[in-house]
Amino acid sequence: MVGRSRRRKTGSQIDESVRSPCNNVCQIDTEKAWCRGCWRTLDEIAAWSSADDQEKRAIWQRIRQRSVAIK
């Protein structure tokens, strides 16, 4: 379920945010300029917390493109 929305109950509200790709393997590949764990660039990592769901989905799309290009 990569990049899909998830429902989380917070108090009386349901949060349908796009899940973070972070998997706690934080190692920046200096040659490729992205994290080896989640495949995000430093700019994408920094922007994640303030990005709206549309931008988060765009980041997920770029992650999928990177992972396919590497294989």
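All residue numbers refer to positions in the sequence shown, counting from 1.
Partners of Arg62 under the side-chain hydrogen bond (donor to acceptor under 3.5 Å, both in side chains) rule, at least two apart in sequence or in another chain, are Glu44, Glu55.
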Please evaluate residues Arg57 and Asp52 with respect to the criterion side-chain contact (heavy atoms from CB on, under 4.5 Å), reporting the C-alpha separation (whole Å), side-chain torsions for both, the decisive distance (0.1 Å), and the verdict. CA-CA 9 Å; Arg57 288 185 186 94; Asp52 62 19; over 6 Å; no
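If you chain together hydrophobic residues whose side chains sit under 4.5 Å apart, Ile63 and Trp48 fall into the same group.
Using a 4.5 Å cut-off on side-chain heavy atoms (C-beta onward), Arg64 and Ile59 make no contact.
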Determine all donor-acceptor pairs shorter than 3.5 Å in which one atom belongs to a side chain in residues 23-35; sequence neighbours excluded.
unit_1	atom_1	unit_2	atom_2	d
Asn23	OD1	Val25	N	3.2
Asn23	ND2	Gly37	O	2.9
Asp29	OD1	Glu31	N	2.9
Asp29	OD1	Lys32	N	2.9

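Taking every heavy atom of both residues into account, Ser67 and Trp39 meet most closely at CA-CZ3, 3.1 Å. The two residues Pro21 and Cys38 have their closest heavy-atom pair at O-CB, 3.4 Å.
The structure places NZ of Lys56 at 8.5 Å from OG of Ser50, a figure rounded to the nearest 0.5 Å.
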